[in-house]
Amino acid sequence: AQSVSQHNHHVILSEAASLELGCNYSYGGTVNLFWYVQYPGQHLQLLLKYFSGDPLVKGIKGFEAEFIKSKFSFNLRKPSVQWSDTAEYFCAVNGAGGSQGNLIFGKGTKLSVKP
Amino acid sequence: DAMVIQNPRYQVTQFGKPVTLSCSQTLNHNVMYWYQQKSSQAPKLLFHYYDKDFNNEADTPDNFQSRRPNTSFCFLDIRSPGLGDAAMYLCATSEGYNEQFFGPGTRLTVL
């Protein structure tokens, strides 16, 4: 079955700490991978995406993610978090090549950054 | 700014009373989606329109219907809401099956 697993439900960090949020997926075939962020009271926004090419992708606000095909992983990283990064982060996957509309989400990881 | 708009942001209905949620977009995208997100869970796709073609997910209850009268608007109709239908309903759009843009959601309460 197609699924996305996010390892941490809630992560608490101090400002300037490094961040890594885990994401593993189970999906037959070639995939597109996404990280979405939802700031408190706001809508889901795309943080970054991987379709093909360089497996290390850079997104907005200093975030990056690395696609490791052999591990079916797409972990999100940021070297130094800020209080404003407090949000919920969702990893998502769909079929590559535009064949499928079904975006499968993980359950999300809530990040709290202490000032 | 181009965007996805959902109205209302909060909707309260009574058990069994039909309710309609609205989504509009100024992105001129050809695909529109409806997701259901319950507390502490991942968004779950209910259905989507690719242009005028309706695509229902296999496990979406018949209680949920959708209409897309034109490119810009898409409605979610819940014919007989139950307590279990209380959730956040998210609308999203995309151009083809690419990056999806989400609206702010409508939080539905069923009394």
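Each chain gets a letter, A, B and so on, in the order its sequence line appears, and its residues count up from 1.
In this structure, A/Gly106 and B/Ala42 approach most closely via the heavy-atom pair O-CB, 2.9 Å.
Counting non-hydrogen atoms of neighbouring residues, nucleotides and ligands closer than 6.0 angstrom, the CZ atom of A/Phe72 reaches no more than 12 such neighbours. In the displayed structure, B/Asp62 atom CG is contacted under 6.0 Å by at most 12 heavy atoms of other residues, nucleotides or ligands. More than 12 non-hydrogen atoms from other residues, nucleotides or ligands lie less than 6.0 angstrom from NZ of B/Lys44. Around the CD atom of B/Gln14, the shell of radius 6.0 Å holds no more than 12 heavy atoms that belong to other residues, nucleotides or ligands. The neighbour count for A/His10 NE2, taken as heavy atoms of other residues, nucleotides or ligands under 6.0 Å away, is above 12.
Here the CD atom belonging to B/Glu99 is positioned 11.5 Å from the CG atom belonging to A/Asn94, to the nearest 0.5 angstrom. Atom CZ of A/Phe105 is separated from atom CD of B/Gln37 by 8.0 Å, given to the nearest 0.5 angstrom. Summarising the geometry, atom OH belonging to B/Tyr35 is positioned 4.0 Å from atom CG belonging to A/Leu103; distances are rounded to the nearest 0.5 Å. In this structure, the separation between CZ on B/Arg9 and NE2 on A/His43 is 9.5 Å, given to the nearest 0.5 Å.
Residues of residues 103-111 of chain B lying within less than 4.5 angstrom of chain A, judged on heavy atoms, are B/Gly103, B/Pro104 in numerical order.
Using a 4.5 Å cut-off between heavy atoms, A/Leu46 contacts chain B through its side chain alone, with no backbone atom that close. Residue contact with chain A, scored on non-hydrogen atoms closer than 4.5 Å, is absent for B/Gln6.
Two different hydrophobic clusters hold A/Leu76 and A/Leu56 under the rule that ILVMFWY side chains link at heavy-atom gaps under 4.5 Å. Residue A/Trp83 is not grouped with residue A/Leu47 when hydrophobic side chains (ILVMFWY) are merged at heavy-atom distances under 4.5 angstrom, including chains of intermediate members. The hydrophobic cluster containing A/Phe74 also contains A/Val4, counting ILVMFWY residues as joined when their side-chain heavy atoms lie under 4.5 angstrom apart, directly or transitively. In this structure, A/Phe51 is a member of the same hydrophobic cluster as A/Phe90, with clusters built from ILVMFWY side-chain heavy atoms closer than 4.5 Å.
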